[in-house]
Amino acid sequence: MLDIKDLVSGYGSVRILNGVSLKVERGQIVALLGGNGTGKSTLLKAVSGLIWPWSGSITFDGKRIDGLRPDRIVRLGLVQVTQGKEAFPGMTVQENLRLGAYAVRDRAKTAAALERVYGYFPVLKEKRHELSGTLSGGQLQMVCVGRGLMSSPSMIMLDEPSAALAPQVVLDIFRTIHRIARDGMTVLIVEQNVRMALLLAHYGYVLKDGVIEIEGSAERLMHDDNVRLSYLGGTVANREAQL
Ligand SMILES: Nc1ncnc2c1ncn2[C@@H]1O[C@H](COP(=O)(O)OP(=O)(O)OP(=O)(O)O)[C@@H](O)[C@H]1O
Ligand SMILES: [Mg+2]
């Protein structure tokens with residue numbers, strides 16, 4: 001469904017992605033892992049057209065999308081939920097969600113998408129008329145994921161949806177992502193919570209120094225010595241101990 005080949009990109013003249021190749025099959029959940037600052041968000045931004053791919057190709061649903069504008073890519077059914085839980089605090093939950101449907105002109109479709117989002121996140125329905133600025137971190141993340149679903153994409157890219165959330169909320173978010181995928185969504189998920197990501201995903205990639213260092217089934221990565229040492233031993237254990 002998504003096929004990235006030899007992608008090179010960066011900021012200004014600084015090269016961050018040094019030829020990344022990655023595939024996501026339809027209906028799969030794929031995890032993109034890697035340390036801080038290795039270029040995971042940069043990769044998602046290049047795929048969704050927010051930064052320019054310098055070379056290589058990105059094919060989505062059989063069409064080349066590298067070089068297309070972000071709104072065109074959204075219209076083709078590929079949506080990114082950016083890192084950092086951004087929503088307009090002075091707008092209500094429902095207004096923020098509706099922003100995600102800016103590319104959809106059909107009112108019935110938007111209404112149906114809104115109900116679907118409320119089905120996944122009932123607490124957002126309860127709070128639909130409240131200002132987003134009053135939400136907890138977990139609820140704000142739900143708004144961001146929900147907003148991504150509002151254009152009824154066929155694939156969603158999530159950038160660290162569990163970051164800075166309490167363990168119980170993390171579990172909730174992962175369960176819902178699992179449900180969304182089971183309902184037919186293809187998912188590419190960037191995560192620091194490597195253990196949870198590998199439990200959720202079918203396949204995983206590890207990005208290091210702007211290239212894919214390791215890839216394999218989630219099952220294989222979970223037992224890979226390098227992954228265990230670098231991402232499951234130190235980092236995750238420490239993080240869990242801190243929570
Ligand atoms: N807008 C920007 N302009 C210039 N450099 C940037 C910009 N955004 C990120 N970078 C740099 O690009 C590199 C990769 O950043 P990126 O955000 O893609 O990493 P990441 O893997 O998502 O990290 P994290 O796990 O911390 O989110 C970093 O060295 C970062 O400083
Ligand atoms: Mg990032």
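The residues of the chain are indexed from 1 along the displayed sequence.
With Lys85 contributing its side chain and Ala163 its backbone, the two residues share a donor-acceptor pair below 3.5 Å. With Ser132 contributing its side chain and Ala87 its backbone, the two residues share no donor-acceptor pair below 3.5 Å. Formation of a donor-acceptor pair under 3.5 Å by the Arg228 side chain with backbone atoms of Met222 is found in this model. Within the 3.5 Å criterion, the main-chain N or O of Lys127 finds no donor-acceptor partner in the side chain of Glu130. No donor-acceptor pair closer than 3.5 Å links the side chain of His202 to the backbone N or O of Gln28. Remark: side-chain polar atoms of Asp3 are not paired, donor with acceptor, to backbone N or O of Lys23 under 3.5 angstrom. Using a distance-only test at 3.5 Å, with no hydrogens or angles considered, no donor-acceptor pair links the side chain of Glu115 to the main chain of Ala112. No side-chain donor-acceptor contact under 3.5 Å links Thr38 to the backbone of Lys208.
The number of heavy atoms from other shown groups lying within 6.0 Å of CH2 (Trp54) is above 12. Counting non-hydrogen atoms of other residues, nucleotides and ligands closer than 6.0 Å to CG of Asp225 gives a total of 12 or fewer. The number of heavy atoms from other shown groups lying within 6.0 Å of CZ (Arg75) is above 12.
Note that the CD atom of Gln83 and the CG atom of Leu158 stand 12.0 Å from one another [nearest 0.5 Å].
Side-chain contact, Ser162 with Glu191: a donor N or O sits under 3.5 Å from an acceptor N or O. For the residue pair Tyr203 / Glu215, a side-chain donor-acceptor distance below 3.5 Å is found, with atom types taken as modelled. There is no side-chain donor-acceptor pair under 3.5 Å between Tyr118 and Glu126. Between Asp159 and Ser41, the side chains place a donor N or O and an acceptor N or O closer than 3.5 Å (distance only, hydrogens not considered). Using modelled atom types and a 3.5 Å distance limit, the side chains of Tyr102 and Asp71 yield no donor-acceptor pair.
Across every non-hydrogen atom of Ile177 and Pro161, the tightest pair is CD1-CG, 4.0 Å. Closest approach of Ser151 to Val74, counting heavy atoms only: OG-CG1, 3.9 Å. Of all the heavy atoms in Val79 and Pro153, the pair that sits closest is CG2-CB, 3.8 Å.
Between Thr110 and Arg107 there is no side-chain heavy-atom pair separated by less than 4.5 Å. Inter-residue side-chain proximity for Met150 and Val117 is flagged as met; some heavy-atom pair is nearer than 4.5 Å. Annotation: side chain of Met155 is in contact with side chain of Leu188 (closest heavy-atom distance under 4.5 Å). Leu33 is not listed as a side-chain neighbour of Tyr205, based on a closest heavy-atom distance of 4.5 Å or more. Side chains of Val93 and Leu131 form no contact here, defined as non-hydrogen atoms less than 4.5 Å apart. At least one side-chain heavy atom of Leu200 sits less than 4.5 Å from a side-chain heavy atom of His178. The shortest distance between side-chain heavy atoms of Thr186 and Val24 falls below 4.5 Å. Side-chain contact between Ser154 and Phe60: present, with at least one pair of heavy atoms (C-beta onward) separated by less than 4.5 Å.
Under the 4.5 Å side-chain heavy-atom criterion for Ile, Leu, Val, Met, Phe, Trp and Tyr, Val143 and Leu114 are members of the same hydrophobic cluster. Both Leu44 and Met1 are members of a single hydrophobic cluster when ILVMFWY side chains are connected at heavy-atom separations under 4.5 Å. In the hydrophobic clustering of this structure, Met196 groups with Ile180; members are Ile, Leu, Val, Met, Phe, Trp, Tyr whose side-chain heavy atoms approach within less than 4.5 Å, directly or through other members. Both Val170 and Val145 are members of a single hydrophobic cluster when ILVMFWY side chains are connected at heavy-atom separations under 4.5 Å. In this structure, Ile29 is not a member of the same hydrophobic cluster as Leu22, with clusters built from ILVMFWY side-chain heavy atoms closer than 4.5 Å.
Legend: residues meeting side-chain contact (heavy atoms from CB on, under 4.5 Å) with Thr42, ordered by chain and number and at least two apart, are Tyr11, Ile16, Leu17, Ile51.
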Item to check | Check against side-chain contact (heavy atoms from CB on, under 4.5 Å), Leu43 and Ile4 | outcome: CA-CA 10 Å; Leu43 179 60; Ile4 304 171; 4.2 Å; yes
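Under 4.0 Å is where a charged nitrogen must lie from a carboxylate oxygen, and between Asp61 and Arg26 at least one such pair does. Here Arg220 pairs with Asp224 in a salt bridge; the nearest charged N to carboxylate O distance falls below 4.0 Å.
Evaluated for a side-chain contact (heavy atoms from CB on, under 4.5 Å) with Leu7, the options Ile58, Val211, Asn18 yield exactly one hit, Ile58.
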